[in-house]
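Written out below as structure tokens is the structure these notes cover.
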Amino acid sequence: MARKEASADLRELPLTAMANAIFVLNGPNLNLLGTREPEVYGTETLEDLKARCDRKAHALGFVVDFRQSNNEGELVNWIQEARTDASGLIVNAGAFTHTSIAMLDALLACTVPVVEVHLSNIFTREPFRHRSYVSKAAKGVICGFGGLGYELAIEALAAAISRAKAG
Ligand code: DHK
């Protein structure tokens, strides 16, 4: 019972947090950044990317909820969560970018603006990476700039959120 009361209290929190929360969702294998194919993905770790996002978002008056999963269903659940708990969403879906209709459907159901990010330039790589299912639901796509792309995405998203608020 005490736990129930506590969670009811906590449920109030996102209402204030949500107005300025940006979800940054990372898909499969991005937990390996830093050691994974550094010639393609660079040497920054996922923690480094999180730090970049935190810094940039804070400077613009936002907070970042930064997550990574190797599991498609978990990513779908998080996208659904963003419908109510975030004011914008950045997604690097990793390889699910090129395969996941489930993520596309979740993103299409998302009413907050979405920016798609990739560390590498997917268009200079293998042909199977040229198609993105995420792009159809995204306001824009940033790729090829490594970790800087995440900061650029936050900037773009902050501008889109402000524009939407201004009506
Ligand atoms: C990350 C991956 O894991 C790949 O599967 C994508 C993307 C590209 C990136 O560049 O961040 O094809």
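Numbering of ligands and ligand atoms starts at 1, following listing order.
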Could you find the nearest protein heavy atom to [atom] and give me its residue, atom name and distance?
atom: atom 12 (O) of ligand 1; value: H98 NE2, 2.7 Å
atom: atom 7 (C) of ligand 1; value: H118 ND1, 3.8 Å
atom: atom 1 (C) of ligand 1; value: Y41 CE2, 3.6 Å

Return yes or no for this condition: an N or O of [X] is under 3.5 Å from an N or O of ligand 1.
X: I122; answer: no
X: V117; answer: no
X: S120; answer: yes

Residue-ligand contact [X]/ligand 1, heavy atom below 4.0 Å:
X: R36; answer: yes
X: N92; answer: yes
X: F96; answer: no

If we only count heavy atoms from C-beta on, is the [X] to [Y] side-chain gap below 4.5 Å?
X: E39; Y: E37; value: yes
X: R125; Y: H118; value: no
X: N31; Y: R36; value: no
X: L49; Y: L119; value: yes

Original post:
At under 4.0 Å between heavy atoms, which part of R129 makes contact with ligand 1: side chain, backbone, both or neither?
Top reply: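 The side chain, only.
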**OP:** Record the part of L119 in heavy-atom contact with ligand 1 below 4.0 Å; permitted values are side chain, backbone, both and neither.
**Re:**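 Answer for L119: both.
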Subject >> E116 (side chain) donor-acceptor with S135 (main chain) under 3.5 angstrom >> reply: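 Confirmed, E116 side chain pairs with S135 backbone.
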**OP:** Classify the ring geometry between F123 and H130 as parallel (under 30°), tilted (30 to 60°) or perpendicular (over 60°).
**Re:**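 Correct class here is tilted.
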Subject >> Gap separating the CD1 atom of I161 from the CZ atom of F62, nearest 0.5 angstrom >> reply: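 Between atom CD1 of I161 and atom CZ of F62 there are 4.0 Å.
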**OP:** Applying side chain to side chain donor-acceptor pair (under 3.5 Å), run through Y41 and N29 and close with a yes or a no.
**Re:** CA-CA 11 Å; Y41 298 107; N29 299 307; over 6 Å; no
